[in-house]
Amino acid sequence: MRPYLTTRSLIPENQETPISFIRGWQTEEPLFYRRNHFQYPRLPEDHLFLPILGHVQQPRMFSYQDLASMPSKTLTVALECAGNQRSKFDPRVYGEQWENGAVSQGTWRGVPLAYLITLTGLHSTAKEVVFEGQDFGKREDLEGVFYYGRSLPLTKALHPDTIIAYEFNGKPIPFKHGYPYRLIVPQWYAMASVKWLKRIKVIDHEYQGPFQTIDYQYYPYPDLDKGKTPVTVTNVNSIIQQPLPFQILDQGIHQLEGLAWTGLGRIKEVEVSVTGGESWEKATLVNSTAQPYAWTQWSYLWEVKEKGEYRIKSRAKDYNGRVQPEKPFWNRKGYGYNAIAEVKVKVV
Ligand SMILES: Nc1nc2c(c(=O)[nH]1)N[C@H]1C(S)=C(S)[C@@H](COP(=O)(O)O)O[C@H]1N2
Ligand SMILES: [Mo]
């Protein structure tokens with residue numbers, strides 16, 4: 001049997017990738033996780049035109065031909081949903097109950113937004129850039145209808161690797177992943193990478209859309225809005241792909257395998273414990289320096305002589321000194337889970 005997506009909800013479609021079975025550099029479309037707040041949009045006739053307007057000197061409308069003829073960048077980027085592994089929070093929290101498959105990696109080609117902004121110019125009052133998707137619908141907590149929209153501060157919007165993508169893994173972006181244009185924001189959790197871009201608007205204040213100010217905020221207290229902070233940069237994280245949870249293994253040598261990624265710099269080290277966290281050994285990193293925004297594969301040869309139950313753990317560190325914690329940072333909406341990964345196995 002071949003691996004398949006696991007459905008968390010059908011309307012809207014939320015499905016996780018079979019991450020234990022993903023090898024190599026790119027997650028192909030059929031196995032790439034899907035995260036949607038609304039039903040898929042119906043694209044209007046003018047969907048190939050992308051306007052940039054607002055606090056710019058010269059509003060512009062870009063056609064597909066315009067974009068395809070401009071200087072482009074091709075980046076391999078691990079996209080992780082901020083709610084990935086939400087099901088592991090204790091006490092439990094509301095929201096899609098993702099296990100560890102709301103993360104995938106693709107190669108995106110597109111035009112740096114900074115390049116497009118050189119063509120429109122900016123007003124001195126410009127503060128944020130708002131990205132609006134074509135998809136819309138109702139929310140449980142507010143009256144009315146909302147488009148999916150997010151903003152970026154100017155510094156991140158104008159980062160040379162923030163791109164308006166029009167290709168995924170060498171082809172036009174698949175419809176479910178944002179055709180024809182998708183914002184790709186490397187290093188940030190994937191809520192920032194707005195699909196089905198409808199328009200881009202430069203504003204002179206802080207964007208107040210609900211996917212910015214209500215969702216994708218860390219709420220540290222169970223029932224208070226106090227102390228909320230926005231979800232932005234992806235935490236340092238790792239997972240164990242092999243062995244599988246509760247796998248039964250023979251005595252002998254086994255290759256432990258997994259992935260590690262971070263939104264700040266690069267992965268420096270992955271440590272593995274086969275003793276439930278008492279002792280740690282360094283794993284071997286594959287391609288840790290190949291692409292700055294891609295995940296790193298790790299492996300470790302484990303020789304097990306004694307029968308019994310084992311708790312295998314992995315812990316990643318990045319070059320910014322961040323390391324996966326023992327316990328996750330609990331927050332009311334369940335974002336940013338990155339506690340040390342664990343898999344229990346039995347050796348017989
Ligand atoms: N227009 C639009 N963009 C969106 C979303 C959405 O619902 N609508 N979901 C965001 C979230 S929360 C995630 S995790 C990623 C999921 O991207 P994928 O479905 O390509 O995996 O898209 C982001 N961009
Ligand atoms: Mo997400």
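Order of appearance sets the numbers: ligands from 1, and atoms from 1 within every ligand. Computed from a predicted structure; not experimentally measured.
- Residues Q97 and R92 bring a donor and an acceptor atom of their side chains to less than 3.5 Å of each other.
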Present, as a list of atom pairs with distances to 0.1 Å, all nitrogen or oxygen contacts under 3.5 Å between ligand 1 and the protein.
residue  : atom   : partner : partner atom : Å
ligand 1 : 1 (N)  : D135    : OD1          : 2.8
ligand 1 : 1 (N)  : D135    : OD2          : 3.4
ligand 1 : 1 (N)  : K195    : O            : 3.0
ligand 1 : 3 (N)  : K195    : N            : 2.9
ligand 1 : 7 (O)  : H37     : N            : 2.9
ligand 1 : 7 (O)  : H37     : ND1          : 2.8
ligand 1 : 8 (N)  : D135    : OD2          : 2.6
ligand 1 : 17 (O) : R182    : NH2          : 2.9
ligand 1 : 19 (O) : R35     : N            : 2.9
ligand 1 : 19 (O) : K195    : NZ           : 2.6
ligand 1 : 20 (O) : H177    : ND1          : 2.6
ligand 1 : 20 (O) : R182    : NH1          : 2.8
ligand 1 : 21 (O) : Y33     : O            : 2.6
ligand 1 : 22 (O) : R182    : NH2          : 3.1
ligand 1 : 24 (N) : S193    : O            : 3.0

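- Between the side chain of Q324 and the main chain of A339, a donor-acceptor pair closer than 3.5 Å is present.
- Checking Q255 against Y300 by side-chain atom types alone, no donor-acceptor pair falls below 3.5 Å.
- The list of salt bridge (Lys or Arg N to Asp or Glu O under 4.0 Å) pairs with a residue in residues 182-199, not counting sequence neighbours, reads E132-R199.
- Hydrophobic cluster membership of Y337, counting Ile, Leu, Val, Met, Phe, Trp and Tyr whose side-chain heavy atoms lie under 4.5 Å apart directly or via other members: F89, V93, W330.
- Apart from V145 itself, the hydrophobic cluster it occupies contains F136, Y147, where clustering links Ile, Leu, Val, Met, Phe, Trp and Tyr at side-chain heavy-atom distances under 4.5 Å.
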